[in-house]
J.: 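Please find one structure pasted underneath; my questions will follow.
Because only heavy atoms are used, hydrogens play no part in the values below, and waters and symmetry mates are left out as well, while side chains stay in. Numbers restart at 1 for each chain; the letters A, B, ... are given by sequence-line order, proteins then strands.
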Amino acid sequence: MTSPLSLLNDKRVRDWIYQIALVVFLVALAVFFVRNASENMVKAGIASGFGFLWRTSGIEVPFVLTGYTQADNILGLFWVGVANTMLVSVIAVVLSTLLGFVIGVARLSSHWLLSAIAGAYIEFVRNIPLLFFVLFWYFGVIAALPQPRQSLSVFGVAFLNNRGLTIPLPDGLESLRVAGLLILACLVGYIAFALWGRRRQERTGRHAPTLRVGLVLLVAVPLLALTWAVLATRWDVPALRGFNYRGGFVVIPEFVALLAALVTYTAGFIAEIVRGGIQSVSHGQTEAGAALGLRPGQILRLVTIPQALRVMIPPMTNQYLNVLKNSSFGAAIAYPDLVSLFMGSALNNTGQAIEIIAMTLAVYLVIGLAVSALMNWYNARIALVTR
Amino acid sequence: MSAPATSSVSLWRERLLGTPFTAFVTVVLALAIAWVAVPLIRWALIDATFRGTTRADCTAGGACWVFIRARFGQFMYGFYPADQRWRPDLAGIAFVLGIASVVLAPQRLKLSLGLAMLIILPLLGIWLIGGGFGLRPVETRDWGGLMLTLFISIYASLIAIPLGILFALGRQSELRIVRLVSVIFIEFWRGVPIIAVIFLASLLLPLIMPGGIDIDRLARAVIGLGLVIAAYMAEAVRGGLQALPKGQREAATALGLTYWKATGLIVLPQALRISLPAMTNEFIALIKNTTLVLVVSILDLLGIAQASLADPNWVGMNMEAYAFSGAIYWLICFGLSRWSRSLEKRRRL
């Protein structure tokens with residue numbers, strides 16, 4: 001004989017009641033919001049659905065990589081935004097990693113002054129809003145650059161002025177494509193060689209000259225190939241005609257400012273990660289390596305870096321995803337990224353708030369989830385196996 | 001040669017000039033510092049103008065700090081009516097006194113006093129700054145400057161901290177659906193750019209409310225920021241919850257405490273103490289991200305600095321405005337991060 005009330009004394013039953021109550025509450029909330037939204041949209045005369053994506057956009061974009069024109073549809077505009085966001089994020093990730101590594105290693109330097117300067121940079125950058133850097137680079141630095149006629153020349157091929165950075169554009173892509181394929185082949189060859197070398201070492205104990213082969217395949221050959229390709233290609237070098245530069249490709253000042261802000265800001269955070277990673281490898285590890293008879297280079301390569309990387313990878317992934325998200329700060333200076341083009345211009349023109357917001361957020365979420373999944377897989381592969 | 005560095009002079013000589021290579025690096029770096037610092041100091045101090053009232057007084061060629069003096073009230077309060085500025089000041093003082101009274105109160109009163117302050121202070125702040133009930137109403141459109149930066153940061157964290165704790169507990173819960181809901185909430189808000197969330201809040205909140213209910217522009221931004229920071233706070237709290245030995249909750253349960261009693265009396269007091277540095281760091285991030293309300297034309301400190309550049313009477317004051325606002329942000333964030341670091345050190349000891 002169990003009365004219905006005594007069922008409540010069963011923890012499992014209670015747990016289920018709580019969870020069902022939560023689900024009912026969330027569903028009710030969602031229904032409430034959706035009903036209000038559809039009523040408000042009917043009142044405002046907005047049709048829901050994704051049909052608007054095939055309408056002509058009519059929005060002019062100053063910085064296009066995809067061949068989009070004003071006459072294309074709004075979906076085309078969406079891809080312009082995605083491409084611009086990806087472009088600035090990828091370049092910012094590469095440059096801020098390089099700068100961050102330099103600053104992080106400088107912070108650990110035994111030279112007191114060098115370490116102090118790196119520390120001052122880190123403390124300066126980390127305690128100031130990123131938007132400050134974006135506005136500062138755009139309105140403070142780029143706007144203060146000289147007119148096109150007094151441009152700052154970078155080796156006479158690229159020119160920096162207050163209308164942006166003018167860079168040379170290749171006339172034909174054949175030689176560059178050949179060089180790219182060659183570099184790719186070298187990369188594949190190197191990976192194959194490294195795998196073979198490691199397997200042979202595990203089997204026979206014989207060392208493979210992986211480092212030397214790597215230097216040839218990953219540094220020397222690509223450098224030669226690139227030099228040849230750059231020389232073999234005809235370049236459209238910008239030249240001053242009248243008041244501005246003609247020819248070449250103009251990187252708009254918004255891009256330059258946003259990139260500079262992202263790199264200077266993120267480098268401060270990456271430097272701290274690098275410092276933490278290197279410091280996390282205890283001195284005993286290095287000494288043990290030396291006691292085993294490893295050379296300093298081998299200690300660095302086989303003992304220090306693998307262990308430091310293990311500590312550095314999760315926070316680095318976070319920083320890279322932050323760069324992707326922070327690239328939307330370009331909206332404040334009208335860099336045509338996904339948020340400012342799609343959530344800004346396209347939304348203003350069409351009024352399709354819900355669809356546009358959902359698509360924009362989905363891009364960030366999908367990329368974020370993909371990168372996290374990749375990093376988790378890599379992290380699991382190199383994680384310490386404790387028995 | 002390698003005499004032990006006894007006096008500080010020889011210590012510094014060893015540090016900076018120890019080997020020829022060290023000395024070389026020192027010289028190069030010193031030259032680089034001089035190259036940057038000398039023009040900077042000349043601009044900011046030696047050639048700068050401090051006295052005067054208009055742009056015409058700035059003739060020395062350096063920084064025109066007159067601009068900051070003339071605009072100081074705006075940088076602090078935005079377009080808040082000048083004769084009413086005692087109200088945000090009073091709210092700030094009440095806030096500090098309220099927190100001090102909780103910190104200094106005897107142990108047995110702390111909890112009830114703290115909860116009372118948690119309800120009284122925010123309402124008092126909104127009343128004092130916003131007006132009504134006997135005070136002249138000031139529309140949120142006129143709020144601005146540093147006051148608004150602090151207002152948004154504090155009120156957004158009033159949303160973020162309770163929600164964050166709730167979702168952190170949810171993520172650790174045994175109930176599968178609760179866990180799933182918490183994970184989705186946290187990962188969703190952490191995965192999207194804050195600037196998009198501020199756009200989203202200002203566009204969607206009016207849309208999903210019943211017709212006729214109008215949410216204030218500033219409130220939308222605060223809610224949007226609060227939701228995102230809640231997700232980050234949840235991760236900060238999770239760190240503390242995970243660092244706490246499992247035995248604590250098990251012991252509490254064995255003593256017969258219910259889930260909420262065990263959580264409120266045993267787990268959270270210890271876990272929050274562990275996560276306080278991480279939560280402070282999230283608060284610093286919140287202060288920095290508050291600047292993004294600029295995109296929905298709410299003018300916080302950085303927004304006011306940016307807007308002041310458009311004044312035709314003060315053309316070309318970019319550097320002065322950025323230097324002043326940047327310095328304030330830096331002082332606040334640096335101070336907080338030092339505090340959080342000292343908290344962490346104290347815990348480790």
Side-chain angles (χ1 to χ4, degrees), chain A residues 15-16 18-20 22-23 26 32-37 39-41 43-44 109-114 117 123-124 126-133 135-136 139-140 143-144 321 324-332 338-340 343-344 347 353-354 356-357 360-361 364-365 367-369 372, chain B residues 12 15-16 18 21-22 25-26 29-30 32-33 174-178 181 187-188 190-197 199-200 203-204 206-211 213 284 287-292 294-295 301-303 305-306 309 318-319 321-322 325-327 329-337:
Chain A
D15 285 353
W16 274 112
Y18 293 145
Q19 301 197 60
I20 291 168
L22 177 71
V23 171
L26 289 177
F32 175 68
F33 286 155
V34 169
R35 271 191 46 192
N36 288 334
E39 268 172 34
N40 286 332
M41 273 161 67
K43 248 182 259 168
S109 155
S110 56
H111 192 286
W112 180 84
L113 192 57
L114 187 60
I117 291 175
E123 286 296 348
F124 173 72
R126 285 167 62 98
N127 288 309
I128 285 182
L130 173 58
L131 189 64
F132 173 90
F133 286 102
L135 295 178
F136 175 78
F139 292 102
L321 290 177
L324 172 73
K325 289 184 281 172
N326 287 341
S327 67
S328 61
F329 278 59
L338 181 60
V339 168
S340 90
M343 247 177 137
L347 204 157
I354 294 179
I356 285 182
I357 289 174
T360 311
L361 297 189
Y364 289 100
L365 288 173
I367 298 175
L369 287 179
S372 318
Chain B
W12 281 102
R15 266 185 187 168
L16 297 176
F21 182 69
T22 315
V25 174
T26 307
L29 289 176
I33 291 176
E174 296 168 3
L175 310 181
R176 220 176 300 156
I177 296 176
V178 175
V181 169
E187 294 306 328
F188 176 81
R190 270 161 46 93
V192 297
I194 295 185
I195 210 165
V197 175
F199 269 129
L200 175 149
L203 292 166
L204 280 195
L207 202 60
I208 59 173
M209 282 294 148
I213 295 186
I284 296 173
I287 291 181
K288 294 198 289 176
N289 284 323
T290 298
T291 53
L292 289 174
L294 179 74
V295 297
L301 176 60
L302 187 61
Q306 184 64 31
L309 304 183
N318 298 22
M319 285 303 165
Y322 288 135
S325 57
Y329 278 112
W330 190 81
L331 283 176
I332 294 175
C333 298
F334 182 72
L336 279 173
S337 77

J.: If you define the side chain from C-beta out and look only at heavy atoms, does anything of R126(A) sit under 4.5 Å from F334(B)?
T.: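 They are not in side-chain contact.
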
J.: Could you tell me whether the side chain of P193(B) reaches within less than 4.5 Å of the side chain of F329(A), counting heavy atoms only?
T.: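 Result no, sub-4.5 Å side-chain heavy-atom pair not found.
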
J.: Within this structure, what is the CG-OG1 distance for the pair L131(A) and T290(B), rounded to the nearest 0.5 Å?
T.: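 Output value for this atom pair is 11.0 Å.
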
J.: Using a 4.5 Å cut-off on heavy atoms from C-beta on, say whether the side chain of H111(A) contacts that of T26(B).
T.: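 In contact.
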
J.: Do F132(A) and T291(B) have side chains that approach each other closer than 4.5 Å (heavy atoms only, starting at C-beta)?
T.: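 No. Closest side-chain heavy atoms not under 4.5 Å.
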
J.: Can you find a pair of side-chain heavy atoms, one from F33(A) and one from L204(B), that are under 4.5 Å apart?
T.: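 A side-chain contact under 4.5 Å is absent here.
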
J.: Side chain, backbone, both or neither: which part of L26(A) has an atom under 4.5 Å from a heavy atom of chain B?
T.: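 Only the side chain of L26(A) comes within 4.5 Å of chain B.
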
J.: K325(A) versus I194(B): any side-chain heavy-atom pair under 4.5 Å?
T.: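 A side-chain contact is absent here, since even the closest heavy-atom pair is not under 4.5 Å.
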
J.: Is the shortest heavy-atom distance from the side chain of L365(A) to the side chain of V192(B) under 4.5 Å?
T.: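 Sidechains of V192(B) and L365(A): in contact.
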
J.: Could you grab the distance from atom CD1 of I357(A) to atom CG of L203(B), nearest 0.5 Å is fine?
T.: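 Answer rounded to 0.5 Å: 5.0 Å.
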
J.: Looking at L22(A), L135(A), I354(A), L113(A), which one has more heavy-atom pairs under 4.5 Å with chain B than the rest?
T.: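 The option with the most such pairs is L135(A).
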
J.: With a 4.5 angstrom heavy-atom cut-off, is it the side chain or the backbone of L294(B) that approaches chain A, or both, or neither?
T.: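 The side chain, not the backbone.
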
